[in-house]
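Report on the structure given below.
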There are 2 protein chains.
Amino acid sequence: MSQTVDRALSILPLLAQGPADLGQVAMRLGVHKSTALRLLRTLHEHGLVYRQEDQRYRLGARLFALAQEAVENLDVREIAHSHLVALNEQCGHTVHLAVYEENEVLYIDKVESRYPVRMYSRIGKPVAITVAAVAKLLLADLAEPERRAIAERLDYPMYTSRSLPNAGAFLKELAVVREQGWATDLGGHEESINCIGAPIRGADGRVVAAMSVSAPNVVVTAEELLTLLPLVRRTADTISREYSGTTPTKKA
Amino acid sequence: MSQTVDRALSILPLLAQGPADLGQVAMRLGVHKSTALRLLRTLHEHGLVYRQEDQRYRLGARLFALAQEAVENLDVREIAHSHLVALNEQCGHTVHLAVYEENEVLYIDKVESRYPVRMYSRIGKPVAITVAAVAKLLLADLAEPERRAIAERLDYPMYTSRSLPNAGAFLKELAVVREQGWATDLGGHEESINCIGAPIRGADGRVVAAMSVSAPNVVVTAEELLTLLPLVRRTADTISREYSGTTPTKKA
DNA sequence: CGTGATCGTTGCATTCTCCGCAACGGCCAT
DNA sequence: ATGGCCGTTGCGGAGAATGCAACGATCACG
């Protein structure tokens, strides 16, 4: 809608791939060097881009600070956190909290496993949307037309032989998840890692977030992990109740 | 420099404090509602802001993804990471990696302690710049005038009784750090937590990053922690060598 | 040591884009 | 039913952003 801003913001994903100099930015934006310079300067003033010693630009520190502040101010996260820690202390495994937002599912909190073998993930990182337990939970709750639309728009990379291969299989899985109120990912993302997850619901019953417990095969088998299901669901329900109970506008 | 972009970007820190509706954004920007709307729309298209169900705006998912990608593409971080993990496996404590950028010091990597008592910190979070060991290391290497300028611009919050109280004490401490080539924070940020840190240098000898090991009193005393100093310095030097050796432009 | 090329930077005139206004329409509360 | 609030849209004018061309610094190469 706003050309100038549009161009300026297009620089960010460009720099996310790696540092670039003025000429490269101008070229990839399709604008004159002087224009690119002025845009970069404005971004720089706001701390979103940083100029390193070789004069090339890369993303700046304030970007992290912003993402940081934002994630810490999410209501669900704030409420859920202590419960996730408690769950981690009981079972010892990695606990994740995720939300859905505009075709992406992303982790907004994480409590690390106490076992030496840990899975790789990071807060803010987009989730493998076609296989992760939390993704299934979040998508399963969308209205049918939207769910279908998204399912058909997605790619279905075969991370492992047990990854869901296409929109049909995915929608079928979502129907199951929707019905039973919990979800699993048994080696669908990484062969040796299993997850079980449960939804967190708002006052109106809609799913606002999802949580999961993940553990590698070498620590517990899938069957053993499944015995934790009642505990996980109970935790999720506790968080749901607390979340529903809070007044809409809390502390400023 | 660019008014439109400037206004648009000013919205981000505003939303970082919490969700806001159109009217609030317009008012706090000092522009007409229609203007704010168009700016927000553009930000929305780029995924930087998200419109939640109550129509209020908050920061969006892509912001996290960007910060994420950016931090993962930092050369130092990539090189250092495996060494930090190795160090953590040897000593068991929390290991941090930090860089300086435009008046801020921020963590860009972290390996969690294997002990149950952990200190709170998060990648991307700005560091307590007047007390942290890594901050001292990074600032100590700046040219004298800049160092002095920054020192006098800073606030000196007294986190504990051992926090550095003012610019004079801070500069004195920096001189010591600069001389000895390593730094400590003994209870200056949190009473019960000690850190020791060492600098990572580029080919030209300038400090490009700093790393530290942190542990609470209840796990090891400050004296015991200091026995790890040779190990920490050796790790930092190893990373420095590897970093200096790399060709300036690696993998596109 | 000199010379050419490359890249970032600046001032300026033109034009396009963004801005504020005012009116519309939906929603909620009264 | 009705009034107020908030988000949204079309429009003309004004101001801002754009591209151009020239400058200057830095670096590589002869």
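Lettering of chains follows the sequences in order, A, B, ..., and the numbering in each one begins at 1. What you see is a predicted model, and the numbers here were worked out from it, not measured in a lab.
- You'll find the side chain of B:His96 stays beyond 4.5 Å of the side chain of B:Val127, heavy atoms only.
- For the atom pair B:Glu101 CD and B:Leu106 CG, the distance stands at 6.5 Å (nearest 0.5 Å).
- When the C1' atom of C:dT9 is taken as reference, atom CZ of A:Arg38 falls 10 Å away, rounded to whole Å.
- In this structure, CG of B:Leu37 is placed 13 Å from C1' of C:dG20, rounded to the nearest angstrom.
- In the set C:dG20, C:dT10, D:dT18, D:dT18 carries the atom at the smallest distance from any side-chain atom of A:Thr4.
- The distance between atom CG of A:Leu22 and atom P of C:dG8, rounded to the nearest whole Å, is 5 Å.
- At least one donor-acceptor pair closer than 3.5 Å links the side chain of B:Ser240 to the backbone N or O of B:Arg201.
- Taking atom CG of residue B:Leu40 and atom C1' of nucleotide C:dC18, one finds them 15 Å apart after rounding to whole Å.
- The nucleotide whose nearest atom lies closest to any side-chain atom of B:Gln3 is, among C:dT17, D:dG7, D:dA16, D:dA16.
- You'll find that the side chain of B:Ser2 is closest to D:dA17, out of D:dG7, D:dC20, D:dA17.
- Checked against D:dT8, C:dG20, C:dT9, the side chain of B:Ser34 finds its nearest nucleotide in C:dG20.
- Of the residues near DNA chain C, B:Gly30 and A:His32, the one whose nearest nucleotide (by heavy atom distance) lies more toward the 5' end is A:His32.
- Candidate nucleotides D:dT9, D:dT18, C:dG20 were compared by shortest atom distance to the side chain of B:Arg7, and C:dG20 ranks first.
- B:Met27 has its CE atom 16 Å from the C1' atom of D:dG7, to the nearest Å.
- Counting to the nearest Å, the P atom of D:dA25 and the CD atom of A:Gln55 are 14 Å from each other.
- Distance from the side chain of B:Arg41 is smallest to D:dT9 among D:dA17, D:dT9, C:dT9.
- Under the 30°/60° scheme for interplanar angles, the aromatic rings of B:Tyr156 and B:Phe170 are found to stand perpendicular.
- In this structure, of C:dT9, C:dC21, D:dG19, it is C:dT9 that holds the atom nearest to the side chain of A:Tyr57.
- At D:dA17, none of the side-chain N or O atoms of A:Thr35 fall inside 4.0 Å of OP1 or OP2 (strictly under the cut-off).
- Each of D:dA21, D:dA17, D:dT8 was ranked by its minimum atom distance to the side chain of B:Lys33; first place goes to D:dT8.
- No hydrogens or angles were tested; on distance alone, nothing pairs the side chain of B:Arg51 with the base of D:dG7 as donor and acceptor under 3.5 Å.
- In this structure, the CD atom of A:Gln24 is 12 Å from the C1' atom of C:dC7, given to the nearest Å.
- No donor-acceptor pair under 3.5 Å is formed between the side chain of A:Asp155 and the backbone N or O of A:Pro157.
- Considering only side-chain atoms of B:Asp21, the nucleotide from D:dG10, D:dG7, D:dA16 that sits closest is D:dG7.
- Distance, A:Leu39 CG to C:dG8 P: 15 Å, rounded to whole Å.
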